[in-house]
Amino acid sequence: MLDIQSLRNDLTGVASRLATRGFILDVARFQELEAQRKSIQTRTQELQAKRNSSSKLIGQAKAKGEDISAIMAEVATLGDELKQAEEQLGAVQTALQQLLEVIPNMPHSSVPEGKSDADNFEVRKVGKIPQFGFAVKDHVDLGEKLGLDFDTATKISGARFSLLKGPLARLHRALAQFMLDTHSEQHGYTETYVPYMVNADSMRGTGQLPKFEEDLFKVPFGLEEPNAAEQTRIGNLDDADSIRESVKQRYFYLIPTAEVPVTNIVRDEIVPLEKLPMKFVAHTPCFRSEAGSYGRDTRGMIRQHQFDKVELVQIVHPEKSYEGLEELLGHAETILQKLGLPYRVVKLCTGDMGFSSALTYDIEVWLPAQNTYREISSCSNFEAFQARRMQARFRNAQGKPELVHTLNGSGLAVGRTLVAVLENYQQADGSVVIPEVLHPYMGGIEKLVP
RNA sequence: GGAGAGGUGGCAGAGUGGUCGAAUGUACCUGACUCGAAAUCAGGCGUAGCGUUUACGCUACCGUGGGUUCGAAUCCCACCCUCUCCGCCA
């Protein structure tokens, strides 16, 4: 969420910067709501002040045993007027809040303007692209003989799921463990185990809600309708709405990334200055509906409803967030380097960035079968955008609460790393050599053999 | 699932419907004392919004949402969360 002050102070400036990322801010509506808010709020507060002082007078008069009927008469009409004003104010503030919640973050000044991924800026290429003396296979063809089974996954669940068996499943686990160990032991991250289902407040905090609900899996618990006992109570009570409301809220969301539960660790917290930076790493499954990407990446395990990811999160001092982002990016790159996978780093242009991000680097790994680089990690600085939604703060040197900055990045997406290992380490006979750093995790297996 | 207790400022913890944004303690900041520190003493110290823009004034916030009332931290209703005991359970 943007600071409403920045909109008040420089509405056209904010609007034009947001336009570079393809977001059209409804300037007129904001101005209208702000004008309404201002007049209604002033009026409401005047009425409240009057009510407070009158009530105080009544209290004092009563204490002295004086006659209060004169004051009572004066206040008689105040109640209705005030109630109406408060309702109007509430409505305007809700409307403003809703408008604010769907405005994306402001791109950092260094972000190149552009419309799509074609306009992203290549920062660097690392590693040597392997040359094969034979026709390369993609991970689906390779995996077929190595324990990768899409047909059975489809039977069990449906499209966009995968089933791994034997040493291949172990390789998947080895990758996750290797990443987790590297980040916790060498990069200073605290390993965390987190809930995979979260409430709506957490989703709102990191920016998935309210705008991107269709990308999420929503899981009801208990009945979706009021149960028999609740029906009875609804029938008997005057304010049945609160029961219906609580029934409606009886659900969780499956996390689309560990960013959600991990970043929300600091939601509604004021952390001491000396606790910054906080660095967390978590290995979790991620669940995405992939609504709107129906035709894309239907082959293989590139785009799945469920995949594993090792996620890095940093909670940092506002002045240190860009430093932190470079560091975090380096941590993610380290994994690719240790695995010997060629990759490149790109800085996303304004049009390709995620909703909450101020600056994003994608790391793209080389996939020989596709003869191209594919995203395997995304590292972002959200500045105070998430922190403002979460009310995540620290106590600054002056002792005042101030919003933290939040960062995160994949370190890495495990499924796609598996794909990259299979394709880059394939041999002519269809076997796959296991990168050396994974050997300690593979129980003596150094090669996947059909 | 059954029974009970409780959610108040950074923390702890008071609060007969009126002068309570909230005692007190603690932490923290400033000053005094000290060579310095500790101890002691004095003062300050919540968050957010609005209006004047240094000083100030007003408003909201005591788990959340409703209700009663001229007036609610305090009374009523619902919900959420935490803790204790019993039962069941991976």
Side-chain angles (χ1 to χ4, degrees), chain A residues 1 3-9 33-83 85-97 100 195 198-202 204 221-222 226-252 264 266-276 384 387-404:
Chain A
M1 205 160 63
D3 185 356
I4 194 165
Q5 296 295 357
S6 68
L7 290 169
R8 289 183 185 136
N9 295 338
L33 284 172
E34 257 297 285
Q36 281 179 15
R37 195 222 86 232
K38 214 163 176 172
S39 71
I40 296 172
Q41 181 167 356
T42 307
R43 178 173 154 68
T44 305
Q45 294 189 347
E46 277 169 6
L47 290 169
Q48 284 170 331
K50 196 169 167 197
R51 177 204 60 196
N52 289 347
S53 59
S54 300
S55 294
K56 204 168 264 187
L57 284 177
I58 292 172
Q60 287 167 350
K62 249 188 164 173
K64 292 183 204 154
E66 292 169 1
D67 180 35
I68 55 169
S69 55
I71 317 177
M72 293 291 274
E74 207 183 302
V75 194
T77 57
L78 199 66
D80 290 340
E81 230 178 316
L82 179 57
K83 192 169 181 182
E86 281 176 338
E87 276 167 10
Q88 285 175 358
L89 182 61
V92 174
Q93 280 175 332
T94 303
L96 265 174
Q97 178 70 15
L100 218 54
V198 301
N199 57 35
D201 283 341
S202 293
R204 192 178 307 275
F221 59 105
N227 62 31
E230 285 160 345
Q231 287 289 7
T232 308
R233 272 156 58 208
I234 286 173
N236 294 339
L237 280 171
D238 295 333
D239 63 337
D241 284 351
S242 59
I243 295 179
R244 290 202 193 90
E245 195 57 32
S246 69
V247 168
K248 247 167 57 187
Q249 286 172 12
R250 209 154 42 189
Y251 53 78
F252 290 120
N264 274 281
V266 291
R267 173 155 55 86
D268 293 322
E269 299 287 335
I270 301 175
V271 303
L273 180 62
E274 60 271 18
K275 283 256 182 82
L276 298 180
R388 191 171 293 109
R389 291 171 161 250
M390 291 191 298
Q391 282 303 295
R393 294 172 292 179
F394 70 102
R395 215 164 270 286
N396 66 19
Q398 287 73 46
K400 291 291 170 198
E402 192 179 332
L403 295 170
V404 297

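Only a predicted model underlies this, so the values are computations on that prediction, with no experimental measurement involved. By convention in this document, chain letters (A, B, ...) are assigned in the order of the sequence lines, proteins followed by strands, and residues within each chain are numbered from 1.
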Heavy atoms from C-beta onward define the side chain here; which of B:rG67, B:rA48, B:rG71 lies closest to that of A:R393? B:rA48
Quick check for you: among B:rC70, B:rC58, B:rG67, whose closest atom lies nearest to any side-chain atom of A:A49? B:rC58
Which value, in whole Å, describes the distance between the [atom1] atoms of nucleotides [N] and [M]?
N      : M      : atom1 : answer
B:rC29 : B:rG46 : P     : 15 Å
B:rG15 : B:rG63 : P     : 15 Å
B:rA12 : B:rA27 : C1'   : 11 Å
B:rC62 : B:rA23 : C1'   : 14 Å
B:rG7  : B:rC61 : C1'   : 16 Å
B:rU24 : B:rA14 : C1'   : 7 Å
B:rA72 : B:rG21 : P     : 11 Å
B:rC75 : B:rG17 : P     : 7 Å

Between [atom2] on [N] and [atom1] on [X], what's the gap in Å once rounded to a whole number?
X      : N      : atom1 : atom2 : value
A:K83  : B:rA60 : NZ    : P     : 17 Å
A:F252 : B:rC80 : CZ    : P     : 12 Å
A:D268 : B:rC81 : CG    : P     : 16 Å
A:R267 : B:rC81 : CZ    : P     : 13 Å
A:L273 : B:rG10 : CG    : C1'   : 14 Å
A:E87  : B:rG65 : CD    : P     : 15 Å
A:R8   : B:rG51 : CZ    : C1'   : 12 Å
A:I58  : B:rU19 : CD1   : P     : 12 Å

When we call it a touch if two heavy atoms are under 4.0 Å apart, what does A:Q5 touch: a base, just sugar-phosphate, or nothing? sugar-phosphate
Any base atoms under 4.0 Å from A:P272, or only sugar-phosphate, or nothing? Heavy atoms, all strands. nothing
Quick one: list whatever passes side chain to side chain contact (heavy atoms under 4.5 Å, CB included) with [X], sequence neighbours left out.
X      : answer
A:A387 : A:A392, A:L403, A:V404
A:A200 : A:L209, A:Y253
A:N396 : A:F394, A:Q398, A:K400, A:E402

Please give the stem ranges for RNA chain B, sorted by first residue number, where a stem is three or more consecutive Watson-Crick or G-U pairs and both donor-acceptor distances are under 3.5 Å. B:1-7 with B:80-86, B:10-12 with B:24-26, B:28-32 with B:40-44, B:46-51 with B:56-61, B:63-67 with B:75-79
Does the side chain of [X] get closer than 4.0 angstrom to OP1 or OP2 of [N] through an N or O atom?
X      : N      : result
A:N199 : B:rC81 : no
A:K38  : B:rG51 : yes
A:N52  : B:rC58 : no
A:R395 : B:rG46 : no

Would you kindly compare A:E86 and A:D3 by the position of their nearest RNA chain B nucleotide and give the one closer to the 5′ end? A:D3
Nearest heavy atom decides the nucleotide; on that basis, is A:R51 or A:I4 closer to the 5' end of RNA chain B? A:I4
Positions of residues 40-48 of chain A (non-hydrogen atom under 4.0 Å from RNA chain B), listed by number: A:Q41, A:Q45, A:Q48
If only atom types and distance count, is the side chain of A:R389 paired as donor or acceptor with the main-chain N or O of A:R204 below 3.5 Å? yes
Sub-3.5 Å donor-acceptor pair from the side chain of A:R37 to the main-chain atoms of A:V92, do we have one? no
Would you please name every residue forming a side-chain hydrogen bond (donor to acceptor under 3.5 Å, both in side chains) with A:D268, sequence neighbours left out? none
Scanning both residues in full, the closest heavy-atom pair of A:L273 with A:R395 reads CB-O, 3.3 Å
For residues A:G90 and A:T94, report the shortest heavy-atom separation together with the two atoms involved. O-OG1, 2.7 Å
Consider only side-chain N and O atoms of A:N52 and A:S55, and report whether a donor and an acceptor are under 3.5 Å apart. no
Would you say the side chains of A:Q88 and A:Q36 form a donor-acceptor pair under 3.5 Å? no
Salt bridge (Lys or Arg N to Asp or Glu O under 4.0 Å) evaluation trace for A:R43 with A:E81: CA-CA 10 Å; A:R43 178 173 154 68; A:E81 230 178 316; 3.3 Å; yes
